Amino acid sequence: MRTAVRRANPSPGQRRRRSTLRCRGVRGNTYLATEVCFGVCGGAGGAVTVLIMSGDLRSDGPACEVAAVGGRLTDPGWLVNGDPEQVLAALDGAAGQEEMLAAAVYRASGHVHRDAGTEVRRQVLALDAARYGNRELARSIAEVTTRQETDSPWAVQWATGSGLDSRLRYALPAPAEVGVVATVVVEGRGLAVAGCEDGTLHWWDLATGRKLGQAVTGHSGAVRALATAVLDGRPVAVTSGSDGALRVWDLAEGEQVGAFHADDDSWVKSLATALVEGRPVAVGAGTDGVVQVWDLAALTQHGEPLSIHTGFVSALATAVLGGRPVAVTSHSEELGASDPITGEETLRVWDLITGRELGPLSDRSEWLPVFADPMPDRTMAADGDGDGDGRARHCVSLSLNAQAKFLVTDPALECPMAVSANAYEMRVWNLATGEQVGEPVPSRFVETAAVSVLHGRPAALVGGHGPVEVWDLSTLEHLYPPLIGHVSTVRGTATAVVEGRHLAVTGGDDRSVRIWDLDGHIETGSRPTGHSRTIRRFTTTVVDGRAVIVTSDSDEKVRIWDLDDGGQLGKHLPGHTGAVDLLTVGMVEGRPTLLTRDVNRTVRIWDLAGREELHGRSTREYTVVGIHFFAVLEGRFVAVTWEGRVWDLTAGQWIGVQPKQDRAHALALETVEGRNIILTGSRTEKAVRLWDMTTGEPIGPPLTGHTSDVWAAAAGMLDGRLVVAAGGDDRTVWVWDATTGQQIGQYAFPAGIWSLVVAPDGRLAVGFGSDIAVLAHR
C-alpha cells in the first residue's frame with residue numbers, strides 16, 4: 001500500500017509535534033505523520049481508507065486506526081461491534097452494491113449510534129437497513145450478538161425511507177441544538193465547525209467525519225455567531241455570544257488564543273472574516289449599531305479596533321471591491337418596523353481600511369468585483385484565472401437575522417448580487433443597478449443560508465423548516481434536489497471544496513451536524529417503493545380480515561398499506577384539498593370507518609371496506625375548539641382536547657371525566673377489555689400515566705424511564721396482558737406492563753418519536769422523523 005503524507009513548512013513560533021501512529025489492520029505497519037492525511041489507497045485485497053491524525057490537530061491523543069475494507073463492510077457483526085472509528089474510516093472504500101448499501105446504512109444515523117452502546121447501534125442499524133429496503137440485511141444485523149447483550153423482544157419488520165439521502169457523508173452528534181456552522185480549509189484539508197446553544201464549540205474533519213479535539217466552551221450562553229480564518233497557516237474560529245465577548249480559538253491546538261470585547265451593553269450578533277493589507281481580521285456587527293474590525297494577527301495586543309458607526313445592521317458580509325476590502329451591511333429603516341414582505345432595505349459598503357462609507361453601490365457600477373474566497377487567506381478577481389474561463393468563482397455569505405440573507409456574485413453576470421428572503425418568497429437583486437433580477441421565487445421562511453459556486457453555477461444553500469434547498473441563482477431554480485435528513489429546523493449552513501468535491505455542512509435543532517457530498521449520487525442501493533413521501537399521520541386497523549395501516553402523506557393523499565409488507569393497497573382516497581393533519585379509524589356500526597381532518601378543518605368520514613365517503617362536515621359544526629386528536633369510543637367518534645376532555649361528536653356534549661392531573665397532555669384514548677383509558681404525558685415527571693375516563697382516577701403506577709418529553713403513546717393487549725408503548729424526544733420507544741409498571745422492552749430510533757399505534761395483532765407502528773417503522777414482537 002502506498003500512503004502519501006504531505007508536510008507543510010511550519011510558521012515561525014508554531015509548535016510542531018511528531019507522533020508515531022500504530023495503524024492496525026494493515027499488516028501492523030507503522031506510519032509517521034505530522035498532519036491530517038486522508039484518502040483512499042488501492043492495493044491487494046481491496047481498497048483501504050487511511051486516516052492519520054496529527055498531533056497538531058489532535059488534542060485527545062488516541063492512536064489512529066486504519067481499517068481495511070476487504071469485505072468487512074458486508075459483515076453485520078463488524079458493523080455492530082466494530083470500533084466506529086475503524087468502520088467510518090472504511091466507508092469510502094466500499095466497492096460494489098452490497099458494500100455501498102452497508103456504507104449508506106451506517107452513515108444514515110451516525111449521530112445516534114456512533115457514540116452509543118452496541119445494543120443501540122444494532123437496533124438503529126437494523127432499522128436503517130429496513131429503511132433502505134433491505135430486510136435481509138436488517139434481519140442479519142438484528143441477529144448479531146453484542147457485548148451488551150440484552151433481551152430485546154422487538155425487531156423491525158419494515159420501514160419507510162423518505163428521510164434518507166445517500167449524499168449524506170456523515171451525521172455527527174452534537175450535545176445541544178446547533179445554532180451556527182462554518183468551514184475552513186487549510187492546504188486542501190477541511191474542517192467543519194459548529195457552535196451550540198450550550199455555549200460549546202466543536203469541529204470535525206470534513207473528509208473523514210472524525211471529531212478533532214475536545215469540545216471547548218467559553219461563552220456563558222449560546223454561540224450566536226461564528227466565522228473562520230487562517231492565521232499563520234493554522235485554522236482558527238471566531239465566536240461571539242450575548243455575553244459580549246468575541247473569542248478566538250486555535251482549532252489545531254483546541255484552545256482559546258485571544259478574546260475581544262464589544263462596547264458596554266452590546267454584543268456581536270453577526271461575524272465575518274477578511275484580509276486587510278495581508279492581515280486576517282474579524283468583522284463584527286454589534287447590537288449597538290457599530291461594526292468593529294479586530295486584527296487577528298495581533299491577539300496579544302490591546303489596541304483599539306476600527307469602529308464604524310453604521311446604525312442597526314440586519315446582515316453582514318465581507319468582500320473585495322475595486323481591490324479594497326469592504327464590509328457590506330444590510331439595514332432596515334427601523335428595527336422591527338419593516339414588514340417582512342414589503343419592508344424597505346438598504347445596502348451599504350464600508351472600506352475596512354479607513355472605515356469610510358464608499359457610497360451607494362449604484363454609483364460604483366464600474367468597480368471590478370473581486371469577492372472573498374470562502375477561505376479568507378485567498379482572493380480571486382473577476383478577471384483572474386479561476387477555473388480558466390475568466391469568471392469569478394467565489395462568493396461571500398451572510399450571517400443573518402433580518403431580510404437580507406446573503407450576498408453572492410453571479411459568475412455569468414460578473415456583478416455582485418444580493419438575495420433577500422422572507423416567509424413567502426426569495427428575491428435576487430443586482431447591487432450595481434439596484435434592480436431585481438427575475439421574478440420572486442416562492443420560498444418558506446429562511447433561517448440560514450450560504451453560497452458557493454457549484455460547477456460554474458452560482459448557488460445558494462438555504463436552510464430553515466424542512467429540507468435544505470440548493471438554488472441556482474442564475475436561473476432561480478433548484479440546482480439539486482433538496483438535502484433530506486434533518487428532522488428539525490436547520491440553523492446553520494456552510495460549504496467547502498475538499499479534494500475537488502463540493503461539500504455542504506448543515507446543523508440544527510435535532511442536535512446533529514451533517515456533511516453532504518453535493519457531487520454524490522442521489523440514490524444508493526435499494527429503497528422501499530411507494531414510500532418516498534413524508535408521512536404526516538397514520539393509524540392501523542383491520543379491513544376484510546387484513547391488517548392495514550392508513551397514512552396521510554405530504555402530497556395531500558390518504559393511502560392504505562398492507563401492514564405485513566408495506567405495499568400499497570389500491571388507489572389513494574380522493575377528494576382532499578389540503579394536507580390531512582388528523583385521522584383515526586375504528587369500528588362504527590360494525591364497519592371499519594375512517595375519519596380525517598385536513599388543514600382547512602374539513603372533516604370527512606369514509607367506509608374503508610368500500611372506500612366510499614359517508615359524509616363530510618367542518619369541525620366548526622362540532623362547537624368544540626382545541627381538538628388534539630380524534631378517537632372511536634363505543635362505536636362513535638369523539639374528539640379529545642389537549643387536556644384530556646372528551647367531546648362526543650354525535651351527541652354534541654362532553655362525556656367522561658378529565659384526568660385529575662395538572663400540566664399533563666393527552667396522548668391517546670383507548671378501549672381495552674371494555675375499559676376506556678386516557679393516556680397522558682407529563683413534562684415534569686417525564687412519565688406516562690393511565691386514567692379511567694369514567695372516574696378520572698389513575699390506573700396503575702406511573703410508567704417511567706424516558707429522559708425527555710413524551711409525545712406519543714398507545715395501549716393494547718400483548719400475550720394476554722395490557723401493555724403501554726411510549727416515545728418522545730429521547731428517540732426511544734419504551735414498552736411497559738401497564739399493571740405492574742415493569743419495563744418489558746425498548747427500541748432506539750434515529751429521530752424523535754411523534755406517533756405510536758399498537759396494531760390489533762400487537763405489532764407497533766412508530767412514527768419518527770419523516771418515516772414510520774413497524775416492529776414485531778419476537
Side-chain angles (χ1 to χ4, degrees), residues 151-158 538-550 562-564 583-588 590-594 608 629-638 640 644 646 656 659 666-681 687-695 697-706 710 712-727 732-747 753 755-767 772-778:
D151 183 17
S152 179
W154 299 97
V156 60
Q157 187 172 4
W158 61 269
F538 65 91
T539 187
T540 64
T541 189
V542 176
V543 179
D544 295 332
R546 171 182 282 180
V548 301
I549 185 167
V550 184
D562 191 320
L563 189 61
D564 291 328
L583 58 77
T584 192
V585 296
M587 299 300 292
V588 177
R591 295 184 65 80
T593 307
L594 168 70
L608 284 181
F629 59 85
F630 292 102
V632 174
L633 188 66
E634 298 176 359
R636 63 189 187 275
F637 285 110
V638 298
V640 183
V646 181
L667 298 172
L669 173 58
E670 307 278 4
T671 300
V672 182
E673 294 186 324
R675 193 176 193 181
N676 299 324
I677 299 172
I678 296 178
L679 280 69
T680 66
V688 176
R689 284 184 175 270
L690 281 68
W691 305 85
D692 189 313
M693 197 191 89
T694 303
T695 64
E697 297 295 333
I699 301 174
L703 308 177
T704 60
H706 282 288
V710 178
M717 299 301 296
L718 181 64
D719 296 334
R721 56 180 172 175
L722 176 63
V723 299
V724 172
T732 302
V733 170
W734 285 56
V735 184
W736 298 270
D737 183 314
T739 303
T740 64
Q742 180 181 1
Q743 181 193 352
I744 57 175
Q746 66 183 69
Y747 202 98
I753 313 299
S755 186
L756 259 175
V757 178
V758 178
D761 59 5
R763 283 180 287 180
L764 298 181
V766 184
I772 61 172
V774 175
L775 302 181
H777 191 264
R778 304 200 225 203

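Remember, predicted model here, so these are calculated numbers, not experimental data. Note that these values count all heavy atoms, side chains included, but never hydrogens, waters or copies made by symmetry.
- Checked against side-chain hydrogen bond (donor to acceptor under 3.5 Å, both in side chains), Thr584 has no partners two or more places apart in sequence or in another chain.
- Contacts of Thr695 classified as side chain to side chain contact (heavy atoms under 4.5 Å, CB included), with partners at least two apart in sequence or in another chain: Asp692, Glu697.
- Scanning for side-chain hydrogen bond (donor to acceptor under 3.5 Å, both in side chains) contacts around Trp691 gives Thr680, with sequence neighbours left out.
- The shortest heavy-atom contact between Pro702 and Ala687 is CB-CB, 4.3 Å.
- The shortest distance between side-chain heavy atoms of Gln746 and Val735 does not fall below 4.5 Å.
- At a threshold of 4.5 Å between non-hydrogen side-chain atoms, the residues Phe637 and Val588 count as touching.
- Considering only residues two or more places apart in sequence or on other chains, Asp761 meets the side-chain hydrogen bond (donor to acceptor under 3.5 Å, both in side chains) condition with Arg763.
- Separation of atoms CZ (Arg721) and OG1 (Thr739) is listed at 9.5 Å; rounding is to 0.5 Å.
- Residues satisfying the side-chain hydrogen bond (donor to acceptor under 3.5 Å, both in side chains) criterion with Thr704, sequence neighbours excluded, are absent altogether.
- When all heavy atoms of Ala666 and Val640 are compared, the closest pair comes out as CB-CG1, 4.1 Å.
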request  = I would like to know whether Val774 and Val156 meet side chain to side chain contact (heavy atoms under 4.5 Å, CB included); could you show each step before the answer?
outcome  = CA-CA 6 Å; Val774 175; Val156 60; over 6 Å; no
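- Of all heavy-atom pairs spanning Trp734 and Gln743, the tightest one is CZ3-OE1, 2.8 Å.
- Between Asp562 and Val548, every side-chain heavy-atom pair lies at or beyond the 4.5 Å cut-off.
- Although no hydrogens or angles enter the test, the distance criterion places a donor-acceptor pair under 3.5 Å between the side chain of Gln157 and the main chain of Asp564.
- For Arg636, the salt bridge (Lys or Arg N to Asp or Glu O under 4.0 Å) criterion is met by Glu634, Asp648, not counting sequence neighbours.
- Taking the side chain to side chain contact (heavy atoms under 4.5 Å, CB included) definition, one finds that Met717 meets it with Val672, Glu673, Leu722, sequence neighbours left out.
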query = Yes or no on side chain to side chain contact (heavy atoms under 4.5 Å, CB included) for Val585 and Thr593, after CA distance, side-chain angles and deciding distance?
reply = CA-CA 5 Å; Val585 296; Thr593 307; over 6 Å; no
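- Minimum heavy-atom separation, Gly741 to Leu703: CA-CD2, 3.7 Å.
- Partners of Phe538 under the ring pair (Phe, Tyr, Trp, His ring centres under 6.0 Å) rule, at least two apart in sequence or in another chain, are Trp754.
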ask   = Is there a side chain to side chain contact (heavy atoms under 4.5 Å, CB included) between Arg675 and Ile699 once you walk through the steps?
value = CA-CA 11 Å; Arg675 193 176 193 181; Ile699 301 174; 3.7 Å; yes
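- Counting heavy atoms from C-beta on, the side chains of Leu583 and Phe629 never come closer than 4.5 Å.
- For Val766, the side chain to side chain contact (heavy atoms under 4.5 Å, CB included) partners at least two apart in sequence or on another chain are Val733, Phe749, Ile753, Leu756, Leu764, Leu775.
- Rounding to the nearest 0.5 Å gives a distance of 6.5 Å between OG1 of Thr540 and CD1 of Ile549.
- Between Ala712 and Leu667, the shortest heavy-atom contact is N-CD2, 4.0 Å.
- Applying the side chain to side chain contact (heavy atoms under 4.5 Å, CB included) rule to Ala726 yields the partners Val688, His706, Val710, Ala713, Trp736; only residues at least two apart in sequence or on another chain are considered.
- Of the inter-residue distances, the one linking Met693 atom CE with Ile677 atom CD1 reads 11.0 Å to the nearest 0.5 angstrom.
- Among all heavy-atom pairs drawn from Tyr747 and Trp154, the shortest one is CE1-O, 3.8 Å.
- Every residue two or more places apart in sequence or in another chain that forms a salt bridge (Lys or Arg N to Asp or Glu O under 4.0 Å) with Arg689 is listed here: Glu685.
- With a 4.5 Å cut-off on side-chain heavy atoms, Leu679 and Val724 count as touching.
- Going from atom CG of Leu633 over to atom OG1 of Thr671 covers 5.0 Å, rounded to the nearest 0.5 Å.
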